[in-house]
Amino acid sequence: IVEIRLDAIQFVVDMRRPVAMQADGIGIWQNILEFVVKLAVIANAFLIAFTSDIIPQIFYRYHHHGTSDLELYVNYTLAQLPSGCNYSTAHVPSGQCSYRGYRDTN
């Protein structure tokens, strides 16, 4: 019983939460948080730009004088299989098979 009482006194008296003191700010953490926020904005911008079609669409509009026709843009982004390819095109009505990608016609 004495040990329990001594432990109780130790918890109540010796292990108290420290008295809070008011600070002017969060110190160096302010600079660290500002850096992390700026880095996150840049990383998200690159993520959106390189995983979506924003950059190819802007290039297409610039290269084709402001044309914003979606069908023309889709045809611009599709590449045709070469005619000497061994791929069976019997199920394709036009005989040409397109895939997403950029390829020279040569």
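- Both Ile26 and Ile32 sit in one connected hydrophobic cluster of ILVMFWY residues. Membership requires side-chain heavy atoms under 4.5 Å apart, directly or through other members.
- Considering CZ of Arg5 and CD of Gln10, their distance stands at 15.0 Å, rounded to 0.5 Å.
- When hydrophobic clusters are built by joining Ile, Leu, Val, Met, Phe, Trp and Tyr residues whose side-chain heavy atoms come closer than 4.5 Å, directly or via intermediates, Ile42 is grouped together with Phe50.
- The CD1 atom of Ile9 sits 12.5 Å away from atom CD1 of Ile4, with the distance rounded to the nearest 0.5 Å.
- Atom CD of Glu3 sits in a sparse spot, with 12 or fewer heavy atoms from other residues, nucleotides or ligands closer than 6.0 Å.
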